[in-house]
Protein chains: 2
Amino acid sequence: MKGFLSFLILWLINKKNMTGSEITEELEQRKGSRPSPGTIYPVLKDLKERGLLSIDENKRYSLTTPGEKELDQHLKSFFNTFCDIDEMRTQCQCHEEQK
Amino acid sequence: MKGFLSFLILWLINKKNMTGSEITEELEQRKGSRPSPGTIYPVLKDLKERGLLSIDENKRYSLTTPGEKELDQHLKSFFNTFCDIDEMRTQCQCHEEQK
DNA sequence: TCACCTTTATCGGTTATACGATATCGGTAA
DNA sequence: TTACCGATATCGTATAACCGATAAAGGTGA
């Protein structure tokens, strides 16, 4: 299951070009806790060095063509791995109502 | 994003009590590659030691009550983190058709 | 009995993910 | 100019997730 953070970051940048701090904020929204700079900047550096991200003069990241392909692969394997995601959601919502 | 493998294993066992080899097979189906024993048995051991799993005389694992609660928590944070999962699926299927 | 096979389990080592501390860099206000 | 501040980046360290090799345990068939 390694590579999920990279996958999520690729997905976020795919939706909208973002800077490091914007990505940090978005992850905080989703996960409930703010990732430390020591988490996200090394990932961004790695993705950039692998040619999946490019960065403009305002430090705003965007996907390269290989980055888009990588994201597609991740999406496919994600939905293979969580092939019963609707069932998961049902159970989650069901237990939500019990509170 | 750490803890996703444990989460997935809890989910599988929640659906159906399973042995280690059955879990290995299921993960192979989903992920496309067979996890090595050095991956899954340490996880099962850890989950058992944390009181989330119990094991019967046939080496078949099942969720304990704390295990069910842990799974619920994981499900909630999973759908928070991937709050735009329908959008992800749309994009994935869209690129699927292009082939 | 004993040879074999599958399953279960452990071991050492690698990489991704994560933190907090610290450093650098650029812009802005004093 | 200088002081500060948020954003960016690096560092050391820890843990989860992985692998392949190996070992032990249990069952089955010769």
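To find a chain, count down the sequence lines: A is the first, B the second, and so on, and within it residues start at 1. The model shown is predicted, which means the values in this text are computed figures rather than measured ones.
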I need the A:L27 CG to A:E25 CD distance, nearest 0.5 Å. 10.5 Å
Does this structure show an ion pair linking A:R50 with A:D46, if we count only N-O contacts that are shorter than 4.0 Å? yes
Measure the distance from CD1 on A:I40 to C1' on D:dT8 and round it to the nearest whole Å. 9 Å
Taking only N and O in the side chain of A:T24, is any of them less than 4.0 Å away from OP1 or OP2 of D:dA7? no
Might you list the N or O atoms of the protein lying below 3.5 Å from N or O atoms in nucleotides 6-14 of chain C, with each pair's distance?
{"residue": "C:dT8", "atom": "OP2", "partner": "B:S21", "partner atom": "N", "Å": "2.7"}
{"residue": "C:dT8", "atom": "OP2", "partner": "B:S21", "partner atom": "OG", "Å": "3.4"}
{"residue": "C:dT8", "atom": "OP2", "partner": "B:Y41", "partner atom": "OH", "Å": "2.8"}
{"residue": "C:dT8", "atom": "O5'", "partner": "B:Y41", "partner atom": "OH", "Å": "3.4"}
{"residue": "C:dA9", "atom": "OP1", "partner": "B:K59", "partner atom": "NZ", "Å": "3.3"}

Starting at CD of A:E57 and ending at C1' of C:dG27, how long is that distance when rounded to a whole Å? 16 Å
Euclidean distance, atom CG of residue A:L5 to atom C1' of D:dA16 [Å, nearest integer]: 13 Å
Heavy-atom nearest nucleotide on DNA chain D for B:P35 versus B:D46: which residue maps closer to 5'? B:D46
Check this for me, if you would: do B:R89 and B:D86 make a salt bridge, where the nitrogen-to-carboxylate-oxygen distance has to be below 4.0 angstrom? yes
Taken to the nearest whole Å, CD/A:E70 to P/C:dA16 is 12 Å
For the pair made of CE in A:M18 and P in D:dT8, what is the distance, rounded to whole Å? 11 Å
The test is ring pair (Phe, Tyr, Trp, His ring centres under 6.0 Å); show your working for A:F82 and B:F78 and say whether it passes. CA-CA 11 Å; A:F82 295 102; B:F78 178 83; 4.9 Å; yes
A quick test of your reading: do over 12 heavy atoms of other residues, nucleotides or ligands sit less than 6.0 Å from NZ of A:K15? yes
Crowding at CD, A:Q29 (>12 non-hydrogen neighbours, <6.0 Å): no
Nearest whole Å is fine: how far is D:dG6 P from A:I23 CD1? 20 Å
